[in-house]
**Student:** 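One structure coming up, written as structure tokens, with questions to follow.
Heavy atoms only: backbone and side chains are in, while hydrogens, waters and symmetry mates are out. Atoms within each ligand, like the ligands themselves, are counted from 1 in listed order.
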Amino acid sequence: MLAETKLLSLSKSKFLFNNIILLRNISISTANNAKDNYKLVVVGGGGAGLNISSRFVRKLGKTNVAIIEPSEWHLYQPGWTLAAGGVKNPDSFRRPQSKLIPSGVDWIKAKASVFEPESNSITLDNGEKVKYDYLVMATGIRIDFDGVKGLKEAMANDEQVVSMYSHETVKNVFPAIQRYKGGNAIFTFPKVPIKCPGAPQKVMYLAEDYFRKNGVRDKGDVYYCTTIPAIFGVKKYAEALMEVVKKREIKLNTLTHLIEIDYKNKQAVFEKLDKPGTTFRLDYSLLHVCPPMKPFDEIKNSPLVDETGYVDLDKYTLQHKKYPNVFGIGDCTNLPTSKTAAAIAAESSILATNLGNLIKGKNPSEAKYDGYTSCPLITGYGKTILAEFDYDGKPLETFPINQGKERRTMFHLKSDFMPILYWTAFVRGYWGGPGIYRKILNIFSFGKN
Ligand code: FAD
Ligand code: UQ1
């Protein structure tokens, strides 16, 4: 009898261990012990999902909120430009999800596979179902290393073909920059949408600065090959960046699309978007590729998206256009602004107000998102132009100075302050963007914005 009881409690604890690990009050569920209905389900545990679940567990209380997220690791992607430039160690930009999922939120460690918003239900990749009263989509965007012919093969066989766009590959970028001794150094920008559209040129400016500091800049050319018609989408910052490009003698190829890498001949193949069918080859001795990006298939195939495959939201309220109990945030959405963590911060406070209101039976359109986004455009070691703008491409600058200038303070804001802000406030739902500070600081700017 005693032995039986012992066996029972052993198998009970084994069951519990297998299914729920209580860690800092977080329950990590393998779905078969997940509750069958949550007040709020957040899909995706990136910056957007963590921020929103932190905010709502404080509003709704323990065990009412779940995050569906399959990955062990959370990646601070804004750090990758710094890692690529040799400024920081890439490992410092990755933390275990178990340390970040907010206390009181159930972590359903699985992938959401099928969405049935008519019945408020999600099927996971293990076949289990999770139901919700309210849903927030925060699944990000997929980096498509298969989107350029020969890219994976080239990265595997030629150490001078690199990409900062994953935790696994970012560590190869700075050594390739250090190995460069002359020839063409080419940096590419794919078809939009991509996250942080400034990032592909930030790594170029750091590399170019490194070449100058190490006496190899005059041994070759630096190319920026971009699919868009200008260096940047916002006039004020495009003008400032064109000054940098001219001063640094960077060769800018607009409407130029990387379609193939022929690593055996060390050549990149481009198509000219203004002359359909025209292609040309450029020799490279360093090639940094920003791969194309796409919505994840599970999202693209769901009823939640528009024809482009992104979650279909009202651009002001962040509420789904068809399903009122569904909201979205971050890179997975069709909000017509640049996909950045800065945008997510601003979106998070709008979403918190409107979804919070809906849950309380109040007006879900009270707060309106103006499209605020920001891109700290690193232009060299110790130099950054801090771009901030809205849906209309109108600058919305936080500081009462001209942010269109390269500044050392902004470089430190990006490299030293932002990671602290991200880990201590943003993922914990205490950072809703700089809007309030902009209003205060701009008292001193004499109507600059
Ligand atoms: P993600 O961080 O991609 O998270 C999405 C999560 O959803 C992932 O954890 C994923 O596993 C999960 N997921 C996906 N599919 C499913 C599914 N079916 N079920 C469950 N979970 C799923 N922003 C700035 O503000 N400033 C910068 O300086 C800056 N620099 C950048 C530099 C680089 C090189 C890059 C790549 C990005 C940069 N960004 C910057 C952009 C910023 O990193 C992103 O906009 C932001 O991280 C997106 O967060 P997210 O939560 O929307 O998506
Ligand atoms: C920001 O809020 C943010 O998210 C936390 C970033 O990503 C790390 C940014 O790069 C920037 C610039 C902002 C905006 C913040 C300020 C203070 C301008």
**Student:** When you compare the side chain of Arg95 with that of Trp423, does any pair of heavy atoms fall below 4.5 Å?
**Tutor:**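 Trp423 reaches Arg95 side chain to side chain.
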**Student:** Hey, does Thr81 come in under 3.5 Å of ligand 1, counting only N/O atoms on both sides?
**Tutor:**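 No, there is no polar N/O contact under 3.5 Å.
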**Student:** Do you know which of Glu128, Glu69, Glu72 makes salt bridge (Lys or Arg N to Asp or Glu O under 4.0 Å) with Lys109?
**Tutor:** Glu72
**Student:** Which one of Pro197, Cys290, Ala343, Pro78 has a non-hydrogen atom at the shortest distance from atom 43 (O) of ligand 1?
**Tutor:** Pro78
**Student:** With a 4.0 Å cut-off on heavy atoms, is His74 in contact with ligand 1?
**Tutor:**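 In this structure, His74 fails to qualify as a contact of ligand 1 - no heavy atom is under 4.0 Å.
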**Student:** Can you list the ligand 1 atoms lying under 4.0 Å from a non-hydrogen atom of Lys195?
**Tutor:** 3 (O), 36 (C), 37 (C)
**Student:** Any side-chain donor-acceptor pair under 3.5 Å between Thr384 and Glu406?
**Tutor:**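 Thr384 vs Glu406: no donor-acceptor pair found between side chains.
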**Student:** Of all the atoms in ligand 1, which lie at a distance below 4.0 Å from a heavy atom belonging to Pro70?
**Tutor:** 20 (C), 21 (N), 22 (C)
**Student:** If the cut-off is 4.0 Å to any non-hydrogen atom of Val43, which atoms of ligand 1 fall inside it?
**Tutor:** 19 (N), 20 (C)
**Student:** What residue and atom, counting heavy atoms only, is the protein's closest point to atom 26 (N) of ligand 1, and at what distance?
**Tutor:** Pro376 CD, 3.9 Å
**Student:** Would you please say whether a donor-acceptor pair under 3.5 Å links the side chains of Glu366 and Asn357?
**Tutor:**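 Yes, side-chain donor-acceptor contact under 3.5 Å.
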**Student:** My understanding is that we take every heavy atom of each candidate and find the minimum distance to atom 52 (O) of ligand 1. Doing that for Ile378, Leu386, Asp331, Leu82, which one comes out nearest?
**Tutor:** Asp331
**Student:** With atoms numbered from 1 as shown, which atoms in ligand 1 lie under 4.0 angstrom from a non-hydrogen atom of Ala48?
**Tutor:** 51 (O), 52 (O)
**Student:** What I want to check is whether the side chains of Arg428 and Tyr422 have a donor and an acceptor closer together than 3.5 Å.
**Tutor:**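 No.
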**Student:** Does the plane of the ring in Tyr369 sit parallel, tilted or perpendicular to the ring in Tyr391? Use 30° and 60° as the thresholds.
**Tutor:**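 Perpendicular.
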**Student:** Could you say whether the N/O atoms of Ile141 and ligand 1 ever approach to under 3.5 Å?
**Tutor:** no
**Student:** Of the choices Tyr76, Tyr422, Tyr372, which has the non-hydrogen atom that lies closest to atom 8 (C) of ligand 2?
**Tutor:**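 The nearest heavy atom belongs to Tyr76.
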**Student:** Using heavy atoms and a threshold below 4.0 Å, how should the contact between Ala341 and ligand 1 be classified: side chain, backbone, both, or neither?
**Tutor:** both
**Student:** Need the ligand 1 atom indices (1-based, order shown) with element for anything under 4.0 Å from a heavy-atom of Lys111.
**Tutor:** 17 (C), 18 (N), 19 (N)
**Student:** Would you say Ile231 and Tyr237 make side-chain contact, with heavy atoms under 4.5 Å?
**Tutor:** no
**Student:** Please determine if Glu69 has a nitrogen or oxygen closer than 3.5 Å to a nitrogen or oxygen of ligand 1.
**Tutor:** yes
**Student:** Should the proximity of Lys414 to ligand 2, defined as any heavy atom under 4.0 Å, be assigned to the side chain, the backbone, both, or neither?
**Tutor:**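 No part of Lys414 comes within reach of ligand 2.
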**Student:** Need the ligand 1 atom indices (1-based, order shown) with element for anything under 4.0 Å from a heavy-atom of Lys339.
**Tutor:** 41 (C), 45 (O)
**Student:** Which atoms of ligand 2 are found less than 4.0 Å from any heavy atom of Trp431?
**Tutor:**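 Within the 4.0 Å cut-off of Trp431, ligand 2 contributes 1 (C), 2 (O), 5 (C), 15 (C).
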**Student:** Got the closest protein heavy atom to atom 16 (C) of ligand 1, with its distance?
**Tutor:** Thr139 CG2, 3.7 Å
**Student:** If you measure only the distance, is there a donor-acceptor pair under 3.5 Å linking the side chains of Asp133 and Asn120?
**Tutor:**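 No - no donor-acceptor pair under 3.5 Å links their side chains.
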**Student:** Report yes if some heavy atom in the side chain of Leu40 is under 4.5 Å from a heavy atom in the side chain of Leu60; otherwise report no.
**Tutor:**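 Answer yes - side chains close enough.
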**Student:** Should the proximity of Ala112 to ligand 1, defined as any heavy atom under 4.0 Å, be assigned to the side chain, the backbone, both, or neither?
**Tutor:** both
**Student:** Under 4.0 Å, heavy atoms only, figure out whether ligand 1 is touched by the backbone of Tyr76, its side chain, both or neither.
**Tutor:**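 The answer is neither.
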**Student:** Does ligand 1 have a heavy atom under 4.0 Å from the side chain of Ala138, from its backbone, from both, or from neither?
**Tutor:**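 The backbone, only.
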**Student:** Phe232 vs Phe389 aromatic rings, parallel, tilted or perpendicular, using cut-offs 30° and 60°?
**Tutor:** perpendicular
**Student:** Could you see which bit of Trp423 sits under 4.0 Å from ligand 2, with heavy atoms only: side chain, backbone, both or neither?
**Tutor:**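 Trp423 to ligand 2: no contact under 4.0 Å from either part.
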**Student:** Determine, step by step, whether Lys235 and Glu239 satisfy the salt bridge (Lys or Arg N to Asp or Glu O under 4.0 Å) criterion, reporting the C-alpha distance in whole Å, the side-chain angles of both residues, the deciding distance to 0.1 Å, and the verdict.
**Tutor:** CA-CA 6 Å; Lys235 191 167 169 273; Glu239 284 171 3; 3.4 Å; yes
**Student:** So, regarding Ser71 and ligand 1 (criterion: nitrogen or oxygen to nitrogen or oxygen, under 3.5 Å), is there a contact or not?
**Tutor:**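 Ser71 vs ligand 1: N/O contact under 3.5 Å present.
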**Student:** Out of curiosity, is Lys202 lining ligand 1, as in a heavy atom under 4.0 Å away?
**Tutor:**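 Checking ligand 1 against Lys202, which is what was asked, there is a heavy-atom contact under 4.0 Å.
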**Student:** Identify the protein heavy atom lying closest to atom 17 (C) of ligand 2, giving its residue, its atom name and the separation to 0.1 Å.
**Tutor:**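 Scanning the protein heavy atoms, the shortest distance from atom 17 (C) of ligand 2 goes to Met418 CE, 3.7 Å.
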**Student:** What do we get for Ala341 next to ligand 2 when only non-hydrogen atoms under 4.0 Å count, side chain, backbone, both or neither?
**Tutor:**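 The part of Ala341 near ligand 2 is both the backbone and the side chain.
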**Student:** Looking only at heavy atoms, is any part of Ile344 under 4.0 Å from ligand 1, and if so is it the side chain, the backbone, or both, or is it neither?
**Tutor:**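 For Ile344, only side-chain atoms sit under 4.0 Å from ligand 1.
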**Student:** Going by the atom numbers of ligand 1, which of them fall below 4.0 Å from some non-hydrogen atom of Gly46?
**Tutor:**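 It comes down to these atoms of ligand 1: 2 (O), 4 (O), 6 (C), 9 (O), 51 (O).
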**Student:** Under 4.0 Å from a heavy atom of Lys414: which atoms of ligand 1 are those, numbered in the order shown and with their elements?
**Tutor:** 27 (C), 28 (O)
**Student:** What is the nearest protein non-hydrogen atom to atom 18 (C) of ligand 2, stated with its residue, atom name and distance?
**Tutor:** Glu388 OE2, 3.4 Å
**Student:** Taking NZ, NE, NH1 and NH2 as the nitrogens, is one of them in Glu397 or Arg438 under 4.0 Å from a carboxylate oxygen of the other?
**Tutor:**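 Here Glu397 does not pair with Arg438 in a salt bridge, since their nearest N and O are not under 4.0 Å apart.
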**Student:** Going by the order shown, which atoms of ligand 2 are within less than 4.0 Å of some heavy atom of Ser374?
**Tutor:**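 Counting atoms of ligand 2 from 1, those under 4.0 Å from Ser374 are 12 (C).
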**Student:** Would you say the side chain of Phe189 lies within less than 4.5 Å of the side chain of Thr256, judging by non-hydrogen atoms?
**Tutor:**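 Sidechains of Phe189 and Thr256: no contact.
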**Student:** If we count only N and O atoms by modelled type, under 3.5 Å, do the side chains of Thr340 and Thr373 hold a donor and an acceptor together?
**Tutor:**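 Per modelled atom types, Thr340 and Thr373 side chains form a pair under 3.5 Å.
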**Student:** Would you please say whether a donor-acceptor pair under 3.5 Å links the side chains of Lys321 and Asn334?
**Tutor:** no
**Student:** Can you tell which part of Ala342 has a heavy atom less than 4.0 Å from ligand 1: side chain, backbone, both or neither?
**Tutor:** both
**Student:** Less than 4.0 angstrom from a charged side-chain N to a carboxylate O is my criterion; do Lys129 and Asp36 meet it?
**Tutor:** no
**Student:** Within the structure provided, determine whether Ile259 and Val148 are in side-chain contact (heavy-atom separation under 4.5 Å).
**Tutor:** no
**Student:** Could you point out which residue of Tyr284, Phe174, Phe211 forms a ring-ring contact (aromatic ring centres under 6.0 Å, His included) with Tyr180?
**Tutor:** Phe211
**Student:** Out of all atoms in ligand 2, which are within 4.0 Å of some heavy atom of Pro376? Include the element for each.
**Tutor:**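 Answer for ligand 2: 10 (O), 12 (C).
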**Student:** For Gln77 and ligand 1, does the shortest N/O to N/O distance drop below 3.5 Å?
**Tutor:** yes
**Student:** For atom 13 (C) of ligand 2, what's the nearest protein heavy atom and its distance?
**Tutor:**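 Protein heavy atom with the smallest distance to atom 13 (C) of ligand 2: Ala342 CB, 3.5 Å.
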**Student:** Can a side-chain donor-acceptor contact be found between Asp106 and Tyr38 if the only test is distance below 3.5 angstrom?
**Tutor:** yes
